[in-house]
Amino acid sequence: MSRRSLAVIAAVAAATLALSACSAEDEDTGNDVDRPLRVAVTTDASTLDPVRGSSGADQILLFPMYDTLVSYEADLEPKPGLAESWEYLSPTELQFTLREGVKFHDGTPFDAEAVKYNVERAKGDGSQIAPDLDAIGDVRVDDEFTVTLLLSRPDAALLMVFSDRAGMMVSPTAAEAAGGDLGNTPVGTGGWKFVEWRRGEAISVELFDDYWDTESARVPAITFTVLTDPKTRMSALLSGQQDIVSSIPGASADTVEEAEGVSLSATPGLFTQMVYINTGSDELGDPRVRRALSLAIDRQSILESGYFGFGEVASGYFPQIYWAATPKSATYDYDPDEARRLLEEAGRTGLTFDMTVIASADFARISEILKEQWAEVGVTVNLLPREVVQQNQEFIIEKKFPAMFSQLTSRPDPAMIYRVVGTADGFNNPSEIPVPGLDEALADQDLWSEKEDRRPGLDRAAQAIYEHTQSFSLVHGYTLVGLSDEVEGFEMNLLGKPKLVGVTIG
């Protein structure tokens with residue numbers, strides 16, 4: 001951990017306790033301000049249809065409109081959502097008992113048939129998350145509010161899969177009326193219903209009066225404003241134009257902490273800065289070359305100079321605070337001499353390749369550090385700035401470039417990450433070349449439900465990713481959020497994707 005870690009974690013723990021106490025004390029007070037909650041985000045949604053999205057940043061914008069079948073605590077422990085309870089009848093039968101009295105925004109009742117429709121839709125054509133549901137063979141409707149998933153094999157991650165995109169239930173009535181694509185006309189069961197999407201600018205939602213959770217406080221409306229420039233986001237926070245501002249730059253943290261009327265939420269989590277690799281590309285197809293690039297990175301230097309100490313040096317996908325943390329055997333040391341040797345062995349001295357980079361000041365600064373460090377071992381990288389949705393389209397879908405410097409917004413279960421990055425049909429694996437040994441490791445951990453029993457298989461998965469150098473992490477950055485002092489009840493989770501039910505403006 002960095003020198004700031006313990007202090008930040010302690011502050012977060014204290015803030016969480018304070019928020020919990022405040023929430024309990026003021027449970028029935030509601031809002032004192034009758035205006036929208038104003039939230040500044042760094043990037044627009046790729047789509048408002050949960051199964052068709054291509055950006056890990058979409059969920060922040062989708063959660064207000066879509067409740068999930070399973071929810072989770074801040075530490076990612078599962079808790080009831082649209083499903084009140086669940087039970088494994090056998091290793092291949094997962095049964096959900098659904099919450100009664102829930103309606104979609106268009107008035108369609110939420111029931112077992114709606115769950116069946118959503119699962120089949122998420123497994124069907126046009127879905128980007130079908131691999132997450134690969135283990136589901138059939139869906140059995142037992143009665144109006146009981147549904148059972150019949151699996152072709154055990155899948156330890158499946159429960160938490162339904163706390164993410166797959167669990168975001170859409171109205172079957174609305175989906176059919178829209179020809180199967182709700183990208184512009186979202187209809188869920190969330191606490192707010194869709195009002196307007198001005199692409200590249202803002203998404204607006206308003207209170208859903210028939211929401212099932214009548215006890216939780218909700219603001220009357222939310223406006224998400226897309227502000228890609230960190231200086232603009234900072235200015236909007238400090239001037240009072242925004243109530244919640246995501247992705248505060250580490251360089252600006254002290255400014256927020258010292259300013260009047262605002263505060264900084266700094267939360268350790270699973271957020272990772274990542275260099276994604278197309279392992280099928282000519283430039284980076286040799287694992288020795290990929291390993292050389294990773295060994296040439298001085299991650300500690302990047303943490304201090306790029307993230308100003310707000311984070312943890314990363315080699316794998318998960319930080320040490322997480323139960324599925326990457327084992328020490330699967331981490332990269334800084335070794336530029338070995339990097340040079342590997343490049344020479346592979347016959348790739350003087351290597352040049354293109355890498356897309358998120359078009360922001362933060363990513364620009366860190367990518368320049370990467371460029372300098374790779375230049376020290378004789379590698380030239382051409383940096384190509386891109387907006388997030390365009391970057392994902394070009395690298396993942398169109399397979400135009402050998403590398404992409406972006407972010408890994410994690411998933412509620414570690415197996416989901418390994419699958420999405422390293423399996424043949426994983427969405428973030430443009431080469432479609434599976435990581436050797438990964439499927440076998442994940443199959444082993446799927447046989448167990450307890451974390452300690454799953455760890456050996458997950459450690460083997462991390463080792464397989466490490467040996468293949470499928471891609472490489474740089475830093476597990478803290479989630480830095482700026483908050484107006486008028487905001488109460490805000491809580492961050494390990495995924496860095498807040499849900500806004502319970503937030504009020506005082």
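We use all heavy atoms of the structure for the numbers below, so side chains are in, but hydrogens, waters and symmetry mates are not.
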Set out, in order, the CA-CA distance, both residues' side-chain angles and the distance that settles side-chain contact (heavy atoms from CB on, under 4.5 Å) for Leu158 and Met416, then state yes or no. CA-CA 9 Å; Leu158 190 58; Met416 295 173 69; over 6 Å; no
Interatomic distance, CG@Leu494 vs CD@Glu77, rounded to 0.5 Å, equals 10.0 Å
What orientation do Tyr276 and Phe395 show, parallel under 30°, tilted 30 to 60°, or perpendicular over 60°? tilted
Regarding [X] and [Y], do their side chains bring together a donor and an acceptor under 3.5 Å, going by distance alone?
X      : Y      : value
Gln320 : Glu312 : no
Thr173 : Asp106 : no
Asp58  : Ser46  : yes
Tyr317 : Ser471 : yes
Ser239 : Gln241 : yes
Asp362 : Tyr307 : no
Asn429 : Ser431 : yes

For [X], enumerate each residue passing the side-chain hydrogen bond (donor to acceptor under 3.5 Å, both in side chains) test, keeping only those at least two apart in sequence or located in another chain.
X      : answer
Asn118 : none
Lys116 : Glu120
Arg38  : Asp243

Would a 4.5 Å heavy-atom cut-off, applied to side chains only, mark [X] and [Y] as touching?
X      : Y      : result
Asp254 : Phe308 : no
Met160 : Arg411 : no
Val481 : Phe490 : yes
Ile397 : Ser54  : no
Asp44  : Val389 : no
Leu182 : Leu48  : no

Does atom CG of Asp75 have more than 12 heavy-atom neighbours, drawn from other residues, nucleotides or ligands, at distances under 6.0 Å? yes
Start with the C-alpha gap between Ile203 and Glu196, add the side-chain angles, then the distance that decides, and say whether side-chain contact (heavy atoms from CB on, under 4.5 Å) holds. CA-CA 6 Å; Ile203 294 173; Glu196 181 185 24; over 6 Å; no
In Phe271, Tyr418, Trp323, the residue satisfying ring-ring contact (aromatic ring centres under 6.0 Å, His included) with Phe318 is Tyr418
Okay, side chain of [X], backbone of [Y]: is any donor-acceptor separation there less than 3.5 Å?
X      : Y      : value
Arg52  : Ile129 : no
Asp132 : Val161 : no
Ser246 : Ala40  : yes
Ser484 : Glu486 : yes
Gln391 : Phe405 : yes
Arg218 : Gly502 : no
Lys123 : Leu133 : yes
Gln373 : Asp298 : yes

Residue pairs meeting salt bridge (charged side-chain N to carboxylate O under 4.0 Å, His left out), one or both in residues 387-396, sequence neighbours left out, come to Arg386-Glu394, Glu394-Lys400
Derivation and outcome, salt bridge (charged side-chain N to carboxylate O under 4.0 Å, His left out), residues Arg121 and Asp49: CA-CA 11 Å; Arg121 180 174 183 268; Asp49 189 325; 2.3 Å; yes
Quick test of your reading: applying ring-ring contact (aromatic ring centres under 6.0 Å, His included), list the pairs with at least one residue in residues 158-206, sequence neighbours left out, ordered by first then second residue. Phe96-Phe162
Step by step, work out the side chain to side chain donor-acceptor pair (under 3.5 Å) result for Ser294 and Arg299. CA-CA 9 Å; Ser294 188; Arg299 291 170 170 81; 2.8 Å; yes
Can you pull the side chain to side chain donor-acceptor pair (under 3.5 Å) pairs that have at least one residue in residues 220-231, sequence neighbours excluded? Asp229-Thr232
